Structure formats: C-alpha cells, structure tokens
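These notes concern the structure reproduced below.
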Amino acid sequence: MHDDIERVLIDRATIERRLGEVAAQIVADFDARRGNGSGGELTLVPILTGSIIFVADLIRKLPVRMQIHLVSVSSYPSTSTTSRGARIRAELTNLPQGLQGAHVLVIDDILDSGHTMRMVTDLIAGLQPASLRTCVLLHKRRSESADVRADYVCFEIPDRFVVGYGLDYNDYYRNLPKIVVLRPEAVRQER
Ligand code: IMP
Ligand code: MG
C-alpha cells in the first residue's frame, strides 16, 4: 500500500495544529451568531464517508452544545452531466429532519468541483436553517470550483489526487493518518 504513495502532502501534526485554528474560528463565529432563536446549538451535517476522521477530530475541539446528523451522497454514473465533478449524478440520502431554525455546519472532506457541497447546501437551505455554513478539510485549487467556496477551509491543495485521513481511492487508504498524494500509476480507474 505504501508503494502507491508519491509523497506526504500534509502530516499529522500539521493537520492537528490547523484543526485547532479552524475550530477556534468556528466557535468564535458561532458565539457571535448564537442567541437569535436557535437555543445556542450547532448542528453538524457531515457528509459520509470521507469526512469521518476529520469530523471525529474536529468535534473534540468544538466545546459547544451540538447535534450531529450524518448524510450520505449516493453517486452513480451519468451521461447527462459533463464536468469531472458532475460526471456522477448524486442524490442525498437521509436528509436530516429538524434543521429549521438550526445553526447548520455542513462538513466534507474535500471540495473539488464543488458539486457535492452545492447540492447539499441547496437542499439544506430549503429547510430554512437559522444559519448555514460549510467546512472542508481540503480545497482543491482548480478553476471550475472558483464559484463554490467553503466558509472554513483547513488546507488549499494543488489539483492532485490525495488520500488518507478519511479520503479514499476506491474506498481504500482512509485509515492513513496523514494526507498523501498517490502515484498517478496507482490512480487508474475513474474516481
Ligand atoms: P466535488 O463534488 O467534485 O466537489 O467532489 C467532492 C467529493 O469528491 C469528495 O467528497 C470526495 O469524495 C471526492 N474527491 C474529490 N477529489 C478527491 C481526491 O483527491 N481524493 C479523494 N476523494 C476526492
Ligand atoms: Mg467522498
């Protein structure tokens, strides 16, 4: 498995440090917003499966009253869409109930084309939350994603395929404790 790794992009200590900074920012912003009708709670909506490690570490740095509603985006091949990110059609399963009036923070592992994040936030915005913010571990720099931003980005990364710390290739490598770039030869199939 380690033969497939080209290089370490972000090590464990750097992730740990940056999560502390982002968590502090989330808490400060939340403190500034709370009190306007939500009972001072945060509702996290992590997108499965890639965000699991990130979210597990992040929430332990968020000393606020919170609920967690996991959602999963099921994607399947489609010819009706064009760009790389939209090559798949996606549907949100288990759309959480009770988000009306809630301070929602949607969390994903990586913002690539931005289609996943846009679909999830569009759906949740329709449920009339008190506030809606987004947080990603990684933001891949490429032109197509320029119009979809996340409110909290832990790391900007180059347009390379990365795995580890929850991110997968064909559902493997999620357990690597750091974020690594895979050798191009190792990334053969459609992602
Ligand atoms: P988007 O909809 O194009 O923004 O893609 C977001 C999803 O694509 C993420 O939740 C990941 O599952 C997946 N993805 C995009 N880039 C990578 C990568 O470099 N490694 C692993 N998964 C990725
Ligand atoms: Mg994913």
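What you see is a predicted model; the values in this text were computed from it and never measured. As the structure lists them, so they are numbered: ligands from 1, and atoms in each ligand from 1.
- The distance from atom CD1 of Ile47 to atom OG1 of Thr116, rounded to the nearest 0.5 Å, is 6.5 Å.
- Residue Leu167 comes nearest to Val162 through the heavy atom pair CB-O, 4.0 Å, listed as atom of the first residue, atom of the second, then distance.
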From CA spacing to verdict: side chain to side chain contact (heavy atoms under 4.5 Å, CB included), Val136, Tyr152: CA-CA 6 Å; Val136 292; Tyr152 306 99; over 6 Å; no
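- Contacts between Asp109 and ligand 1, counted as non-hydrogen atom pairs separated by less than 4.0 Å, involve the side chain only.
- Residue Leu167 has no nitrogen or oxygen atom sitting less than 3.5 Å from a nitrogen or oxygen atom of ligand 1, judged on distance alone.
- Ion pairing of Asp57 with Arg12 is present here, as a side-chain N (NZ or NE/NH1/NH2) and a carboxylate O approach within less than 4.0 Å.
- Phe161 contributes atom CZ, which lies 8.0 Å from atom CD1 of Ile110 (distance to the nearest 0.5 angstrom).
- Proximity to Thr116 (heavy-atom distance under 4.0 Å) selects the following atoms of ligand 1: 1 (P), 2 (O), 5 (O), 6 (C).
- Heavy-atom contacts of Lys140 reach the following atoms of ligand 1: 16 (N), 17 (C), 18 (C), 19 (O) (cutoff under 4.0 Å).
- No part of Met117 comes within 4.0 Å of ligand 1, judged by heavy-atom distances.
- For the ligand labelled ligand 1, residue Arg160 lies inside the 4.0 Å heavy-atom shell.
- Of all atoms in ligand 1, listed by their number and element, those nearer than 4.0 Å to a heavy atom of Ser113 are 1 (P), 2 (O), 3 (O), 4 (O).
- Salt-bridge formation is detected for the pair Arg160/Glu6: a Lys NZ or Arg NE/NH1/NH2 atom is positioned less than 4.0 Å from an Asp or Glu carboxylate oxygen.
- Between the side chains of His103 and Arg133, no donor-acceptor pair of N or O atoms lies under 3.5 Å.
- In terms of polar-atom proximity, Val162 is counted as a contact of ligand 1, with an N or O under 3.5 Å from an N or O of the ligand.
- For Gly50, the heavy-atom gap to ligand 1 stays at 4.0 angstrom or more.
- Proximity annotation for atom 14 (N) of ligand 1: of Ile110, Leu48, Ile157, Val187, Ile110 comes nearest, heavy atoms only.
- Using a 4.0 Å cut-off to heavy atoms of Asp168, the atoms of ligand 1 that qualify are 21 (C), 22 (N).
- Atoms of ligand 1 lying under 4.0 Å from any heavy atom of Gly114, numbered from 1 in the order shown and given with element: 1 (P), 3 (O), 4 (O).
- With a heavy-atom cut-off of 4.0 Å, Asp108 touches ligand 1 through its side chain alone.
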Worked verdict on Asn175 versus Tyr165 for side chain to side chain donor-acceptor pair (under 3.5 Å): CA-CA 6 Å; Asn175 55 322; Tyr165 200 71; over 6 Å; no
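- A salt bridge does not link Lys178 with Asp11: every distance from a Lys NZ or Arg NE/NH1/NH2 to an Asp or Glu carboxylate oxygen is 4.0 Å or more.
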